[in-house]
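What follows is a set of notes on a single structure, which appears directly below.
Atoms within a ligand are numbered from 1 in the order they appear, just like the ligands themselves.
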Amino acid sequence: MKSLSIIASVLLIVSSVMAQEGATVPVTNTGGASTYSCDPNTCKIENNCRCASVNAPGGLSPADTPQFVTVTYDDSVQEALMKTALSMVNVTNPNGCPGHGTWFVSMEYTDFSLVQQWYAAGNEVADHTFSHVGTPSAQEISSVREMLNAYAGIPVSKIQGFRAPFLNYTKDTLNIVGQQQFVYDSSSSAVTDDVYWPYTLDNGMANDCWTGICAAGQVKLPGLWEIPMYSVLNTANVPQLMDVYLAGTATETSQWSQAAFDKHYNGNRQPFGIYVHPTHLSTYAGTPDPKEKFDAVIKLIKDISAKPNVWFVTNQQLLQWMKNPVKASELGAQDYMQCKQPVIAKEICNGLDDDHNGAIDDGLVNSCNFGTTSMKTCFNCPATAPSLSSPVPASSAQNGTAGYRYPLGDGCDTTWWDPIGNTCLCTSSDCQVKSMAVPKSNTNTTDSTSDASSQDSNGSNGSNGSNGASGLVSHFASTAIIAVLFAGLSQIL
Ligand SMILES: [Zn+2]
């Protein structure tokens with residue numbers, strides 16, 4: 001794992017050098033950065049087209065623009081890693097809902113019951129290839145969707161994103177991602193002059209051009225979004241992208257990250273990203289304890305989440321907003337920013353603690369053992385270990401026999417599906433749900449960039465009349481009662 005991040009770091013250093021040279025070297029030698037052109041009069045969001053731009057969509061002023069923070073995780077999902085990941089989105093958004101993150105999952109060593117829990121809690125699951133290879137085949141990418149659907153019960157339509165292992169994305173890989181109808185890729189880096197909001201590849205790549213990827217004839221994938229990864233500059237102006245906390249002392253890397261965040265927050269409010277291999281921040285016997293780095297990252301997250309109008313979102317939530325940008329004051333009321341969970345009286349294997357006994361899916365998860373490897377799932381164990389050529393082998397239990405688990409039913413959301421009872425517990429629009437929202441008590445959700453710091457000390461929610469706070473008051477009035485009951489839920493998850 002460490003060597004991977006070193007490779008990524010080396011690539012970024014090269015990126016930095018090239019980017020700096022770009023200012024003085026003729027355009028033809030820079031890989032064609034200037035060949036990107038996009039006409040906003042023809043590339044319109046109603047046609048699922050958006051030009052690369054440093055400006056927020058919808059003509060919003062920075063003060064009206066939400067500051068999105070995306071925390072993303074790469075590689076396998078395992079218990080210790082998931083604990084680390086959850087602690088990094090354990091924040092409250094301005095509408096009282098918990099923050100969420102996006103996990104780019106590779107299949108080896110992944111615990112699929114945990115993937116299901118991650119998703120059931122409102123987080124996003126995305127594709128990071130089956131076996132984490134730098135030049136993935138189409139099967140390396142498609143098999144992930146099949147497995148996440150079969151063993152974690154994630155609807156294929158909800159697996160929308162892709163990140164290339166080692167961030168080694170290429171024209172060929174992006175073409176496969178486009179052919180498989182993913183909604184977005186998030187593998188490219190943005191450094192200084194190319195810090196664009198997410199955009200579609202109708203007119204090719206516009207950032208990370210040092211690789212030559214922006215040149216004419218390279219990539220043109222109408223409707224496929226690119227969510228750039230926003231880098232953090234160290235004191236020598238060398239961009240850091242993944243696992244920034246590994247690149248210096250805890251104090252140094254926190255300062256770099258805070259400065260990078262401030263640049264976004266006090267500028268055009270392009271999203272800010274925290275890109276993590278959770279393994280580096282998790283504690284394992286026999287390896288150096290990363291606690292100091294971990295604590296510094298958590299402090300950074302708490303500090304920035306306390307600022308007005310900062311929202312910790314999944315990449316899918318970010319793109320929902322890109323497609324229909326609303327003022328920050330209206331964001332909390334949007335459907336995709338709600339945090340509702342089903343009310344189900346008995347425990348079913350759906351990734352949630354339905355009976356509130358403190359354990360998720362207790363006694364219901366299958367442990368599948370294949371000799372040298374194993375996996376956990378709410379669904380059927382395959383008779384043999386999944387492989388690249390056979391990602392979803394025949395199941396060990398036969399349909400109709402005891403212990404058989406039924407695959408996610410068409411049109412049923414994962415959290416409502418009982419794989420043992422073969423039942424979707426919600427088939428209409430009036431199923432009983434509860435909101436996980438809690439009042440955000442110690443920060444102010446209103447926003448004025450110029451005096452944001454003075455508003456930080458105003459401890460009440462919605463008491464400041466400006467910028468849509470009244471909408472939040474009514475939001476809390478409707479959710480406050482159930483919120484009290486379920487305030488602890490996100491802690492358990
Ligand atoms: Zn990876």
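- Taking 2.8 Å as the threshold, H277 does not count as a candidate ligand of the Zn ion (ligand 1), since none of its N, O or S atoms lies below it.
- Under the 6.0 Å cut-off for aromatic ring centres, H132 and F166 qualify, their centroids lying closer than that.
- The nearest N/O/S atom of D75 to the Zn ion (ligand 1) is OD1.
- Side-chain atoms of Y275 come within 3.5 Å of backbone N or O of Y230 as a donor-acceptor pair.
- A cation-pi contact links R145 to F182, judged by a cut-off of 6.0 Å to the six-membered ring centre and 45° from its axis.
- Contact of the Y73 side chain with the T84 side chain is not registered, since no non-hydrogen atoms from C-beta on lie closer than 4.5 Å.
- With the Zn ion (ligand 1) as the vertex, NE2 of H132 and NE2 of H128 span 100° to the nearest 10°.
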